[in-house]
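A quick write-up on the structure given underneath.
Hydrogens, waters and symmetry mates are skipped; everything else that's a heavy atom, side chains included, is used. Numbers here simply count residues along the sequence, with the first being 1.
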Amino acid sequence: MSGISSGVGLATGLNINEIVDAIIGVQKNALVKLSSRAQAFEATEGGIKTLEANLLTLKTATQKLNLKSTFETLKATSSDTQQFSVAANSTATAATYQLQGLQTATNHQVISKGFADTDTTPIGTATTITISNGGELNQPRLLEELNNGAGVQRGSIRITDRDGQTEIVDLSKTLTIDDVVNQINQSATSVVASIQNDHLVISDTSSGSGTLKISEVAGGKTAADLGILKSVVGPSFDGDSVYRITEEFKLSQINDGNGITTVSGLDDFQILASDGSTFDVNLDTAQSVGDVVDLINNHASNGGNITAAVSSNGQLTLTDNTGGAGSFTVSALNGSLAARELDIETTGTGGVITGTLSGGLNSVLLRNLNGGVQSGGPVLNAGSVYFEDGAGGNATIDFSSAKTLDEVIDLINGNGSIQIEASLNQAGTGISIKDTSAASGTAIEIQDVSGNLASTLKIDTLLADNKHTVDSGSLDLRYINQNTSLSTYGKNGTEIPSGSVRIIDRDGTSFVVDLSDPETTKTIGDVLTKINDAAGTAGAQINARLNDTGDGFIVESTGGSSFDVKIEEVSGGSVAASLGILGSGTTGVTSRQTTEISIEATDTLADIAEKFNASGVASATIIDDGTAFNSSRLSITSSRSGAGGELILESDYDFGFSTSVEAKDALIRIGSNPQTSFLLTSSTNSFDDAITGLEIDLLSVGDGPSTINVARDTSGIKTTIKSFVNSYNSFVDATDSLTGFDPETNQRGVLNGNSLIFNITSRLEGLLTKKLSVSNNSIKSLSELGIVFNSSGKLQLKESTLDQKLADDPTAITEFFQQEDHGFAVVMDEVITSMTDPFTGTLKAQTDSLQASALSLNTRVAELNEILEARRQRLIEQFTLQETIVNQLNSQQTALNRLNASSDK
């Protein structure tokens, strides 16, 4: 700026900035008033928004009072919190239960024999340890399966042996028929129980001559339900039949729980009558044994020629009524295994075909050994077997009538010509044949004469003179089948995740199998079907089927030779790994529930423990038992709790494994009377599915039942009502602040004198004190619930009044708040909504008006500010010009003065 320095003119000495600011300042006074008015509008708007925020909080609290869940929420309590922890969810119903914890879940623990040391001495023998959780050959029935599904009343029985000794045996905690046998055999009497086919056998081992008797206790019927309510003058008696298949049995329950394998959309077997007539049976719709019977009897082409029925001993019988001279035969169709699994794929004798459907009380069917019935696999022919013991005794035993493993064992042990004893082996997965004759003599010989039973049982052998025991090893019982659920097929009983897998056959043909739909992918059978369907669509040479070891399935090659069969994950999934089929193999990839641990001859005990820990199915530690020699032992614990986590360890090397802690499921009783209650098990200590809506955790075994009470959660109702009271009081605090006046500072609240506050407060107070038109209800106002105004205009809750109302009539409280159109929460919500509605609410109209006024004023202020700024610039320019002119005049005056001075000289 020419001639101006720091706002002061050099020529005139005037402070131009101050002069301009003074001129503009006078003109800005009007702007200050406008701006103050705009700020007042904005402050009022802010106050209204604060008021609205508090009303919205009150509205939220009001809406909770109108939620059904607020008053329907149930709370579960246990009278014995040391025994049970309980919680109710949204599906619970109000009720009272009696629960008693009988047994907590445990992990199976096994201990080995002693070894010299931990990490120095190798075991010296290369071997394999197989770890499995299934395949045992004694399959005890649940008591609920007995007596045509009617089960057994649990209670106590009184046993009297022939010596006159009496004991009461408590069977109230038994789950299976084996549990019953074990409890009886642990009694102090001389009575021993055993299982034979479909009944119990009671024997007295004493030398007494009295009466062997089993009777009821306290009016129960446990002994009768077990078929042993008897009294005999003799050393033993057979109990009544308590287990047989009926038409009501589901197909999934027969065939040792393996069900039957049908061919969807096609016929499963053909029945040829002796008169030459035939008809084909399709079992697609069959769900039970009775359905199979009906599909045969009601077949359009049967015409009464064939009669199907379930016999009194639980067998499926087909009777040829035609009287023809030909064969009466059932043969499989379309590769279906159903006829063989129903045990009717044969030629009848005497016009009758009989199929054994179950292994009985605790045995297994011979046809389920060696992986069970397989398409194209060997067919069991239980013919005759030659036995010779070490003393030279021999016999040829006819097994053609044997259907179960127990029947085979009984036929061997019942033959008096040989000194050979048959039993299950130590692992329970195979059969052991022991020569009980002289320690030396001729070799033991077991050979098939006709059929293939000995080779099927892996006991066809000729032993050297110094060996007198034959152990079959695992007989590979089928226990994973088409119906096996994917919810427990993963490692340690975990669920298989959803996803897709890619399979590549040996010619390189690749296809993806989608296993992501939980509705169509529930079982192993679903997985097999989807793999085979996808392979067929892709033209791949792949077939998926149950494996030959009974513990899983195989995805195998049906042709090609260039590559290995390969299975991969898709999109980073884990389904292939979880199914155990991630990887490759020359002929296929096998999924197994069995884990194999390879042991080298150089491995020490520490090395073996490390391999167990890497398996993922068991953990191992080494303990020192304190003995002088061979004190190091391997202690192995199952990673899976409960009975399903039982470790079945098998090896050619004698590790001397023995159980130190049994694998047990948690067990609870529902009901206080054992005779009328029932038992539930869990592999963990959680029973979330035991009672609908209850999450139950067993904490400890109880001496008696705990009362589980499921009732309305009044504490939750009180909390919600308190929240409403607090929300209203917060609203009162806000209104007091917004409308208040401080005489000391002369400060007023931003809404002081605003009629809006008065109107809103009046409406709310009127509703809070009003008696509502709640029909047929004993409660009509908040005051009757103990909610009243105090002297400061706030609500206060008299909890004792509310507690009494909640105890007396909680339904009336629900109706007061929630009755349609008239309930307090319904009306209160409507009133607050009329004030706070974002489009039509009272507060919305107010804030819109204030915003418009403030915006108008602020806009005018901005416009005037622009005008004054322009005016300021003009003044500065004018003063600058003035300074320039004065400066020029001063310069001219200086020049004239110089001229005058020169002329004077």
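- Across all their heavy atoms, Ser677 and Gly671 have their closest contact at CB-CA, 3.7 Å.
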- Item | Trace of the side chain to side chain contact (heavy atoms under 4.5 Å, CB included) decision for Leu515 with Ser498 | CA-CA 6 Å; Leu515 302 175; Ser498 62; over 6 Å; no

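- Between the side chains of Asp837 and Thr840, at least one donor-acceptor pair of N or O atoms lies under 3.5 Å.
- Of all the heavy atoms in Ala88 and Leu74, the pair that sits closest is CB-O, 3.5 Å.
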- Show your reasoning for whether side-chain hydrogen bond (donor to acceptor under 3.5 Å, both in side chains) applies to Lys64 and Ser723. CA-CA 9 Å; Lys64 287 183 179 179; Ser723 176; 5.4 Å; no

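- Here the straight-line distance linking atom CG of Leu102 with atom CZ of Arg669 works out to 5.0 Å at 0.5 Å rounding.
- Side chain of Asn777 to backbone of Ala812: a donor-acceptor contact under 3.5 angstrom is found.
- Panel note: side chain Asn729, backbone Leu795; a donor-acceptor pair is recorded below 3.5 Å.
- The residues Glu799 and Lys722 are annotated as salt-bridged, a charged nitrogen and a carboxylate oxygen being separated by less than 4.0 angstrom.
- Using modelled atom types, one side-chain atom of Thr60 and one backbone atom of Leu56 make a donor-acceptor pair closer than 3.5 Å.
- Side chain of Ser571 to main chain of Gly573: no donor-acceptor pair is present (N/O by atom type, distance under 3.5 Å, no hydrogens or angles).
- Lys49 meets the salt bridge (Lys or Arg N to Asp or Glu O under 4.0 Å) test with Glu45; sequence neighbours excluded.
- Here the closest heavy-atom approach between residue Glu52 and residue Thr836 is recorded as OE2-O, 3.8 Å.
- Between the side chain of Asn790 and the backbone N or O of Gly793 there is at least one donor-acceptor pair closer than 3.5 Å.
- Looking at heavy atoms from C-beta onward, Leu764 lies in side-chain contact with Leu58 at the 4.5 angstrom threshold.
- No hydrogens or angles considered: nothing links the side chains of Asn492 and Thr494 as a donor-acceptor pair under 3.5 Å.
- Between Met828 and Leu767, the closest side-chain pair of non-hydrogen atoms falls below 4.5 Å.
- Within a 6.0 Å radius of CD in Gln82, other residues, nucleotides and ligands contribute 12 heavy atoms or fewer.
- One side chain, Thr707 or Gln98, offers a donor N or O that lies under 3.5 Å from an acceptor on the other.
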- side-chain hydrogen bond (donor to acceptor under 3.5 Å, both in side chains) between Ser781 and Glu784, intermediate numbers included: CA-CA 6 Å; Ser781 67; Glu784 296 176 68; 3.3 Å; yes

- Going through the distances and angles, do Phe817 and Val826 end up as a side chain to side chain contact (heavy atoms under 4.5 Å, CB included)? CA-CA 7 Å; Phe817 284 111; Val826 177; over 6 Å; no

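- Of all heavy-atom pairs between Leu751 and Thr739, the closest is O-CG2, 3.6 Å.
- Residues Glu695 and Phe687 form no side-chain contact, since every pair of their non-hydrogen atoms from C-beta on lies 4.5 Å or further apart.
- Residues Leu738 and Leu51 form a side-chain contact, since some pair of their non-hydrogen atoms from C-beta on lies under 4.5 Å apart.
- In this structure, Asn89 places its CG atom where more than 12 heavy-atom neighbours from other residues, nucleotides or ligands lie under 6.0 Å away.
- For Asp517 and Thr520, the side-chain atoms include at least one donor-acceptor pair closer than 3.5 Å.
- Under the side chain to side chain donor-acceptor pair (under 3.5 Å) criterion, Lys491 pairs with no residue at all, not counting sequence neighbours.
- Taking Ser672 as the reference, nothing meets the side chain to side chain donor-acceptor pair (under 3.5 Å) condition, with sequence neighbours excluded.
- For the pair Asp829 and Lys59, the salt-bridge criterion is met [side-chain N within less than 4.0 Å of a carboxylate O].
- There is a side-chain donor-acceptor pair under 3.5 Å between Asn709 and Thr96.
- At least one donor-acceptor pair under 3.5 Å links the side chain of Glu569 to the backbone N or O of Ala576.
- No side-chain donor from either of Gln804 and Thr801 sits under 3.5 Å from a side-chain acceptor of the other.
- With a 4.5 Å cut-off on side-chain heavy atoms, Thr521 and Lys530 count as touching.
- Within the 4.5 Å cutoff, the side chain of Thr523 has no heavy atoms near those of the Tyr489 side chain.
- Nearest heavy-atom pair, Thr70 versus Ile717, reported as atom, atom and distance to 0.1 Å: O-CG1, 3.5 Å.
- A side chain to side chain contact (heavy atoms under 4.5 Å, CB included) with Thr814 is found for exactly one of Arg712, Lys68, Glu72, namely Arg712.
- Counting heavy atoms of neighbouring residues, nucleotides and ligands inside a 6.0 Å radius, atom NZ of Lys718 exceeds 12 of them.
- At distances below 3.5 Å, not a single donor-acceptor pair connects side-chain atoms of Asn752 with backbone N or O atoms of Arg748.
- The backbone N or O of Pro705 lies less than 3.5 Å from no partner atom in the side chain of Gln83, so there is not a single donor-acceptor pair.
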- Verify side chain to side chain contact (heavy atoms under 4.5 Å, CB included) between Phe731 and Thr57, making sure each step is shown before the conclusion. CA-CA 9 Å; Phe731 165 77; Thr57 300; over 6 Å; no

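- Aromatic pair Phe824/Phe724: centroids less than 6.0 angstrom apart.
- Side-chain atoms of Thr720 come within 3.5 Å of backbone atoms of Gly716 as a donor-acceptor pair (strictly under, hydrogens ignored).
- In this structure Ser90 satisfies the side chain to side chain donor-acceptor pair (under 3.5 Å) test with no other residue, sequence neighbours excluded.
- Judged by distance alone, with hydrogens and angles left aside, the side-chain atoms of Gln103 form a donor-acceptor pair with the main-chain N or O of Asp665 at under 3.5 Å.
- Within 6.0 Å of CG on Asp703 lie no more than 12 heavy atoms contributed by other residues, nucleotides or ligands.
- Side-chain contact between Val527 and Leu486 is present, with heavy atoms from C-beta onward closer than 4.5 Å.
- Sequence neighbours left out, not one pair with a member in residues 754-775 passes ring-ring contact (aromatic ring centres under 6.0 Å, His included).
- With sequence neighbours excluded, the residues forming a side chain to side chain donor-acceptor pair (under 3.5 Å) with Ser686 are Asp697, listed by chain and number.
- Distance check, rounded to the nearest 0.5 Å: CD1 of Ile813 to CG of Leu65 gives 11.0 Å.
- A donor-acceptor contact closer than 3.5 angstrom is absent between the side chains of Asp80 and Ser78.
- Residue Ile760 comes nearest to Leu843 through the heavy atom pair CD1-CD2, 3.7 Å, listed as atom of the first residue, atom of the second, then distance.
- Between Ile787 and Ile721, the closest side-chain pair of non-hydrogen atoms falls below 4.5 Å.
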